[in-house]
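When a ligand or atom number is given, it counts from 1 through the structure's own listing order. Numbers for residues simply follow the sequence, beginning at 1.
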Amino acid sequence: MSLLESAKKAAAFRAVDECVKDNDVVGVGSGSTVVYAVERLAERVQKEKLRLVCIPTSFQARQLIVDNDLSLGDLSRYPQLDVAIDGADELDSNFVAIKGGGGCLTQEKIVASCAKHFVIIADHTKDSQVLGEQYKKGIPIEVIPFAYVPVINKIKARYGGEIQLRMAKMKAGPVVTDNGNFIIDWHFPADKFDWKDVNTNINLIPGVVDTGLFVGMAHRAFFGYADGSVKEKICPA
Ligand code: 5RP
């Protein structure tokens, strides 16, 4: 296993051990770090006979839940979650996260918003002072296909920076989300932004479904290191 994978696994295992208990309804995020969280959930269900219901944030998460024989739920039956565990592309010192590297940001945000505790798991490279310090791929924004050009123009006119429509591998066409939409990635300029304001304003543009800015959502974060150690951070507010 590579050093980065060991770091992800350490964070995921520790978060599942500390944050999940018997009878919990658990939100399952998306991405490569969450794979280890699901592995640990399945181990604990086997060994400790935990009774859990898992709510997926994406098609990938749903498959992980099913493949690991965990009990699958949905928000109609379980609109209130005890905990949601998810990866992040970056988390700054104010606990503002960029998410959506895998394009699942909207469902991830919905599930996180329904959880009493939202827990981020990541390798240590995602731990930043300011957004953009480590993560260079910009802020993902899910848009309705019909509106992607005007949305790009409006964000650029207001905030500057560069924005690309996310393309599939080999430029086979735009990436399409689980909701049938496009993703644009905003490479924001190196200004001092009020991310809460930015998130609100971008969400007001017609055609925007949601942004990958998670402001005031995460309660705890676990950052793993290759040697198996984990740094835990608790939201300052
Ligand atoms: C998917 C996400 C992921 O959680 C985020 O991209 C982190 O992924 P990984 O654990 O693979 O680094 O937001 O939309």
Enumerate the atoms of ligand 1 whose separation from the nearest heavy atom of [X] is less than 4.0 angstrom.
X: G100; answer: 2 (C), 13 (O), 14 (O)
X: D86; answer: 4 (O)
X: G87; answer: 4 (O)
X: D89; answer: 5 (C), 6 (O), 7 (C)
X: K126; answer: 12 (O)
X: G103; answer: 14 (O)

- Can K8 and D123 be said to form a salt bridge (charged side-chain N to carboxylate O under 4.0 Å, His left out), step by step? CA-CA 5 Å; K8 292 178 193 180; D123 67 75; 5.2 Å; no
- Should S58 and D178 be marked as a side-chain hydrogen bond (donor to acceptor under 3.5 Å, both in side chains) after you check the CA-CA gap, both sets of side-chain angles, and the distance that decides it? CA-CA 7 Å; S58 61; D178 287 348; 4.6 Å; no
Taking every non-hydrogen atom, the tightest pair across I120 and A218: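 The answer is CD1-CB, 3.8 Å.
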(message) Tell me whether D89 is salt-bridged to K137, with the criterion being a basic N under 4.0 Å from an acidic carboxylate O.
(response)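 Salt bridge absent between D89 and K137.
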Parallel, tilted or perpendicular, judged at 30° and 60°: which one describes the rings of W186 and Y159?
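Taking Y159 first and then W186, their aromatic rings sit tilted (interplane angle of 30° to 60°).
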Check your understanding: With a distance cut-off below 6.0 Å to the six-membered ring centre and an angular limit of 45° from the axis, does K126 pair with Y135 as a cation-pi contact?
Key ->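 Here K126 fails the 6.0 Å and 45° test against Y135.
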Query - Side chain, backbone, both or neither: the part of D123 lying under 4.0 Å from ligand 1 by heavy atom - result: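 D123 to ligand 1: no contact under 4.0 Å from either part.
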Notebook entry, point to check: Quick one: does ligand 1 sit under 4.0 Å from the side chain of A88, the backbone, both or neither, non-hydrogen atoms only?
Noted result: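 Backbone only.
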- Message: Which residue and atom name correspond to the protein heavy atom nearest atom 10 (O) of ligand 1, and how close is it?
- Response: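 Going by distance alone, atom 10 (O) of ligand 1 is nearest to T33 OG1, 2.6 Å.
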- Item | Heavy-atom nearest neighbour in the protein, as seen from atom 4 (O) of ligand 1, with distance rounded to 0.1 Å |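 Its nearest protein heavy-atom neighbour is S30 O, 2.8 Å.
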Notebook entry, point to check: H124 versus K231: any side-chain heavy-atom pair under 4.5 Å?
Noted result: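 The answer is no, as the side chains (C-beta and beyond) never meet within the 4.5 Å cut-off.
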Heteroatom distance test ([X], ligand 1): nitrogen or oxygen, under 3.5 angstrom:
X: G31; answer: no
X: G102; answer: yes
X: S32; answer: yes

- Message: For D17 and R44: C-alpha separation, side-chain torsions, deciding distance, then whether side-chain contact (heavy atoms from CB on, under 4.5 Å) applies.
- Response: CA-CA 8 Å; D17 289 351; R44 290 194 61 200; 3.4 Å; yes
task: Select the closest option to atom 1 (C) of ligand 1 among K99, E90, E108, judged by heavy-atom distance.
output: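 Selected option, by shortest heavy-atom distance: E108.
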Check your understanding: Taking K116 as the fixed residue, which of V25, L81, D82, D24 is the one that meets the side chain to side chain contact (heavy atoms under 4.5 Å, CB included) rule?
Key ->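 So the option named by the test is D82.
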